[in-house]
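Structure first, then comments.
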Amino acid sequence: MGGAAGPVAAAEPRGGEPEQSESAGEGAEGRRRWLPGPLRRPRPPRPPRLRRPRLRLPSRRRTRLVLAAALVAVLAGSAAWVLYGSSWLRVERVTVQGVRELTEDQVRNAADVPPGEPLAALDAGAVEDRTRRALTRIARIRVERDWPDGVVLRVTERTPEVVMEKPGERGTYIEVDAEGVRYAEVRERPAGAPLVVLDLDASRSNDFFGSARLRAAAVRVATHLPPGARKATRTLRVRSYDSVTLELTGDRTVLWGSAEEGAAKAKVLTALLKAEPDAAHYNVSVPTAPAVSGG
């Protein structure tokens, strides 16, 4: 026991821990050697780049599309040639419908539709305007294409609502329609169109209204006449704006008054003519208080 002890074996590190040197220098180097390297955050993976898929049509489909486009172009060109360039589908006849006083030749000459013009190129609006300007008797006209080679002119003539004697020409009458348009001169009065006579009194209102407005008021009165009274009316005598008198057959008269309340006055007059057919004078100037006298 008293002998020198032999070398003591170094204890093994626990749990696999690295052996550390007894010297300070070796311990520092050992620590540096065993410390983990700098911590770096891993970079997120980049998403894959998406490429737009290219639409590649099969060669057969492309060929079909090209052929279809070419066919459409050919058909469009052919149609344009047929409509505008060929000798087909051109004006060869002009038909007139709806005339009463006018003749078909008058309308056809006023329309002046160029023969041989392509139907597709026909300017219907220009034909209508040209015809109305040339023939004031026409109220409306409609131009229609009658394929393959015709044009139809459908005419509506004006209807005379009243007539007026032409100044300075006794026996010549001017026809006036419901819109107040003076459109034609005739030698004979048309049936059912009363004669408007301006027999103005000394009222100052006549200077204010003027003869043109007084004639327009007479036309408004005529448009409201009931059928029985219209047939019997010979003259519309205008003395002032508020004094229009109807002169009927059999020396009967109707004081109509102004052109206002025409529908109400027409209704009352119809009842009076039925109730008092032999009366000489009727007054409907105030439709709520009509009067009858004479007979």
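For the side-chain hydrogen bond (donor to acceptor under 3.5 Å, both in side chains) condition, the pairs that include at least one residue of residues 284-295, sequence neighbours left out, are N283-S285. Pairs of residues two or more places apart, or lying in two chains, never qualify as side-chain hydrogen bond (donor to acceptor under 3.5 Å, both in side chains) while including a residue from residues 211-228. Applying the side-chain hydrogen bond (donor to acceptor under 3.5 Å, both in side chains) rule to pairs touching residues 104-114 yields T103-Q106, D105-R108, sequence neighbours excluded.
Residues I138 and V186 are members of separate hydrophobic clusters, defined by side-chain heavy-atom contacts under 4.5 angstrom among Ile, Leu, Val, Met, Phe, Trp and Tyr. Hydrophobic clustering of Ile, Leu, Val, Met, Phe, Trp and Tyr side chains at less than 4.5 Å, counting indirect connections, unites L248 with L236.
Distance alone, capped at 3.5 Å, is enough to place a donor-acceptor pair between the Y282 side chain and the E276 backbone. Judged by distance alone, the side chain of E157 and the main-chain N or O of L102 form a donor-acceptor pair under 3.5 Å. Looking at R189, its side chain never comes within 3.5 Å of a backbone N or O of P194 through a donor-acceptor pair. Between the side chain of K265 and the backbone N or O of A259, no donor-acceptor pair lies under 3.5 Å. Remark: the backbone N or O of D149 is not paired with any side-chain donor or acceptor of R93 at under 3.5 angstrom.
With contacts defined as side-chain heavy-atom distances shorter than 4.5 Å, the pair L153/V151 qualifies. Taking 4.5 Å as the limit, some side-chain heavy atom of R234 sits within range of a side-chain heavy atom of T249. Taking the side chain as every heavy atom from C-beta outward, V284 and V254 approach each other to under 4.5 Å. Residues L119 and V91 are in side-chain contact: their nearest non-hydrogen atoms beyond the backbone lie under 4.5 Å apart.
Put simply, the residue from V152, L122, T131 that forms a side-chain contact (heavy atoms from CB on, under 4.5 Å) with V143 is L122.
To the nearest 0.5 Å, the span separating NZ on K267 from CD on E261 amounts to 13.5 Å. In this structure, L225 CG and T270 OG1 are separated by 9.5 Å, a value rounded to the nearest 0.5 Å. Interatomic distance, NZ of K166 versus OG1 of T172, reported as 6.5 Å (0.5 Å rounding). Considering CG of L246 and CZ of R237, their distance stands at 11.5 Å, rounded to 0.5 Å. The OG1 atom of T245 lies 5.0 Å from the CZ atom of R239; values are rounded to the nearest 0.5 Å. Rounding to the nearest 0.5 Å places OG1 of T235 at 4.5 Å from CD of E247.
Within 6.0 Å of atom CZ in R100, more than 12 heavy atoms from other residues, nucleotides or ligands are found, so the atom counts as buried in its surroundings.
For E101 and R158, the salt-bridge test fails: no basic side-chain N is under 4.0 Å from an acidic carboxylate O.
Residues satisfying the side-chain contact (heavy atoms from CB on, under 4.5 Å) test with A229, not counting sequence neighbours, are P226, L269, L273. Partners of A126 by side-chain contact (heavy atoms from CB on, under 4.5 Å), not counting sequence neighbours, listed by chain and number: D123, R130. For P277, there are no side-chain contact (heavy atoms from CB on, under 4.5 Å) partners at least two apart in sequence or on another chain.
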